[in-house]
Amino acid sequence: MGAAPTVGRLTRLAQVASTQDLVHQLGEEGAPHGSAIVAVEQVSARGTRGRAWQAPPGGLWLSVLLRPEDATAVDVLSLRVGLAVARALEAAGKVPPIGLKWPNDLILGDRKLAGVLCEARWRGERLGWITVGVGINVANPIPDEVRGTAARLGDHDPQLTPDALAEPVRTAIAGVDLAAGQLSLAEVDEFGRRNWLRGRRLLEPIVGIAGEVLADGTLQVRAEDGNVQVARGGTVVLEGRS
């Protein structure tokens with residue numbers, strides 16, 4: 001399928017429970033690749049592993065429908081989306097280089113800027129569609145409990161708004177290569193330049209020092225015994241910080 005064109009429409013809504021759920025509904029109804037919903041506010045937003053989080057006005061809360069022909073790219077999709085969104089945000093405004101925290105976070109100035117959530121829906125053994133959600137802090141209020149670890153685009157470029165970013169980010173997500181399998185050499189190299197975890201000490205999913213992200217989407221970790229192990233997923237917990 002390759003880099004599929006953006007053919008679906010972008011629907012803007014005020015308040016919703018979850019943009020993810022609405023885009024899954026679009027998938028069920030047969031909406032085309034690239035269909036997307038952006039909301040001013042989500043009242044039942046969710047992140048990885050079903051975690052609830054706040055999505056108040058001022059941020060970019062967007063979900064996009066992808067229709068790959070097969071499941072080839074599923075294992076590395078969140079990494080490809082992270083790369084695509086980072087490029088789109090850097091092109092849109094005056095922001096410092098954006099880092100990537102394996103497997104699904106974007107980092108700005110050593111703080112979390114955004115998260116990526118990929119959810120596949122299957123029809124028996126056949127992949128039906130994938131809904132990709134992104135939550136990006138732009139000018140939204142930051143909860144007190146994460147104030148020291150969260151970043152906002154608007155603090156670096158006040159001209160950036162959720163409305164202005166919605167279409168560039170939707171286009172970037174819908175344009176990822178859905179036919180490719182593992183990350184290309186160029187993608188591995190770019191992820192390496194953006195690899196925020198490298199050199200940091202992990203407590204989960206493996207205790208040790210984070211290393212490189214490989215072409216198959218796994219993360220190398222040098223364990224305490226000196227051996228290099230490979231993390232294939234799971235929640236990342238840093239020493240002294242989650």
Side-chain angles (χ1 to χ4, degrees), residues 1-13 16-39 42 44-50 55 60-89 91-92 100 102-106 114-136 162-163 165-184 186-188 190-191 215-218 232-233:
M1 187 173 183
T6 304
V7 295
R9 60 179 292 192
L10 172 64
T11 301
R12 299 173 186 269
L13 300 174
V16 304
S18 165
T19 57
Q20 286 289 95
D21 291 341
L22 292 176
V23 172
H24 279 306
Q25 183 177 336
L26 291 179
E28 186 73 46
E29 295 169 353
H33 177 92
S35 299
I37 290 178
V38 61
Q42 294 184 93
S44 296
R46 67 176 179 273
T48 55
R49 300 185 180 274
L60 178 60
W61 322 123
L62 171 73
S63 293
V64 183
L65 179 68
L66 304 185
R67 289 197 178 277
E69 293 181 354
D70 55 45
T72 303
V74 169
D75 289 343
V76 296
L77 182 59
S78 67
L79 305 183
R80 281 203 169 100
V81 168
L83 288 169
V85 172
R87 295 184 210 116
L89 296 179
L100 295 174
W102 179 92
N104 50 21
D105 288 342
L106 281 72
V116 176
L117 176 62
C118 300
E119 295 179 331
R121 291 292 184 267
W122 297 79
R123 293 294 178 260
E125 296 183 357
R126 180 178 177 275
L127 178 62
W129 65 84
I130 300 173
T131 293
V132 176
V134 292
I136 303 173
D163 281 347
L165 290 169
E167 185 57 48
V169 172
R170 188 273 288 253
T171 299
I173 294 171
V176 298
D177 190 345
L178 298 176
Q182 295 189 344
L183 299 176
S184 67
E187 288 173 322
V188 170
E190 182 181 359
F191 205 101
D216 63 358
T218 57
R232 300 187 179 279

**Request:** Determine the minimum heavy-atom distance between Gly115 and Asp105, stating which atoms define it.
**Result:** CA-OD1, 3.8 Å
**Asked** Under 3.5 Å, is there a donor-acceptor pair between the side chain of Trp102 and the main chain of Gly217?
**Response** yes
**Item:** CA sep, side-chain torsions, deciding dist, call: Val169, Val38, side-chain contact (heavy atoms from CB on, under 4.5 Å)
**Value:** CA-CA 11 Å; Val169 172; Val38 61; over 6 Å; no
**Message:** Would you say that Val188 contacts Gln182 through its side chain, given a criterion of any heavy-atom pair below 4.5 Å between the two side chains?
**Reply:** no
**Item:** Pairs satisfying salt bridge (charged side-chain N to carboxylate O under 4.0 Å, His left out), at least one member in residues 77-86, at least two apart
**Value:** Arg80-Glu187
**Request:** For Ala71 and Leu127, work out which heavy atoms get closest and say how close.
**Result:** CA-CD2, 4.0 Å
**Prompt:** Got more than 12 heavy atoms from elsewhere within 6.0 Å of CZ, Arg123?
**Reply:** yes
**Message:** With rounding to the nearest 0.5 angstrom, report the CG to CG distance, Leu106 to Leu83.
**Reply:** 9.0 Å
**Prompt:** Do His24 and Trp129 meet the criterion of a side-chain donor-acceptor pair at a distance under 3.5 Å?
**Reply:** yes
**Message:** Would you compute the distance between atom CD of Glu190 and atom CG of Leu100 and round it to the nearest 0.5 angstrom?
**Reply:** 7.5 Å
**Ser63 and Gln20: CA distance, side-chain angles, deciding distance, side chain to side chain donor-acceptor pair (under 3.5 Å) verdict** = CA-CA 6 Å; Ser63 293; Gln20 286 289 95; 2.7 Å; yes
**Asked** How many angstroms lie between CD1 in Ile37 and CG in Leu22, if you round to the nearest 0.5 Å?
**Response** 4.5 Å
**Message:** On a heavy-atom basis, which atom in Ala88 and which in Pro168 lie closest, and how many Å separate them?
**Reply:** CB-O, 4.1 Å
**Asked** If we only count heavy atoms from C-beta on, is the Thr11 to Leu26 side-chain gap below 4.5 Å?
**Response** no
**Prompt:** So do the side chains of Glu167 and Leu10 get within less than 4.5 Å of each other, counting heavy atoms only?
**Reply:** yes
**Request:** Would you name the heavy atoms of Gly34 and Ala174 that are closest together and state the gap between them?
**Result:** CA-CB, 4.0 Å
**Prompt:** Which heavy-atom pair separates Leu65 from Pro32 by the least distance, and what is that distance?
**Reply:** CD2-O, 3.6 Å
**Request:** Flag the pair Leu178 / Arg67 as yes when at least one side-chain heavy-atom distance between them is below 4.5 Å, and no otherwise.
**Result:** no
**Request:** List the steps, then state whether side-chain contact (heavy atoms from CB on, under 4.5 Å) holds for Thr19 with Leu62.
**Result:** CA-CA 6 Å; Thr19 57; Leu62 171 73; over 6 Å; no
**Request:** Taking all heavy atoms of Arg170 and all of Ala36, pick out the closest pair and write down the distance.
**Result:** CG-CB, 3.5 Å
**Prompt:** Do Val64 and Thr131 touch side chain to side chain, with heavy atoms closer than 4.5 Å?
**Reply:** no
**Request:** Decide yes or no on side-chain contact (heavy atoms from CB on, under 4.5 Å) for Leu165 and Leu89, but give the supporting numbers first.
**Result:** CA-CA 8 Å; Leu165 290 169; Leu89 296 179; 4.0 Å; yes
**Item:** Minimum side-chain heavy-atom gap Leu66-His33 below 4.5 Å
**Value:** yes
**Asked** Is it true that atom CZ of Arg9 has more than 12 heavy atoms of other residues, nucleotides or ligands lying nearer than 6.0 Å?
**Response** no
Quiz: residues 72-79 side-chain donor-acceptor pairs under 3.5 angstrom, not counting sequence neighbours:
| residue | atom | partner | partner atom | Å |
| --- | --- | --- | --- | --- |
| Thr72 | OG1 | Asp70 | OD1 | 2.3 |
| Thr72 | OG1 | Asp70 | OD2 | 3.3 |
| Ser78 | OG | Pro103 | O | 3.1 |

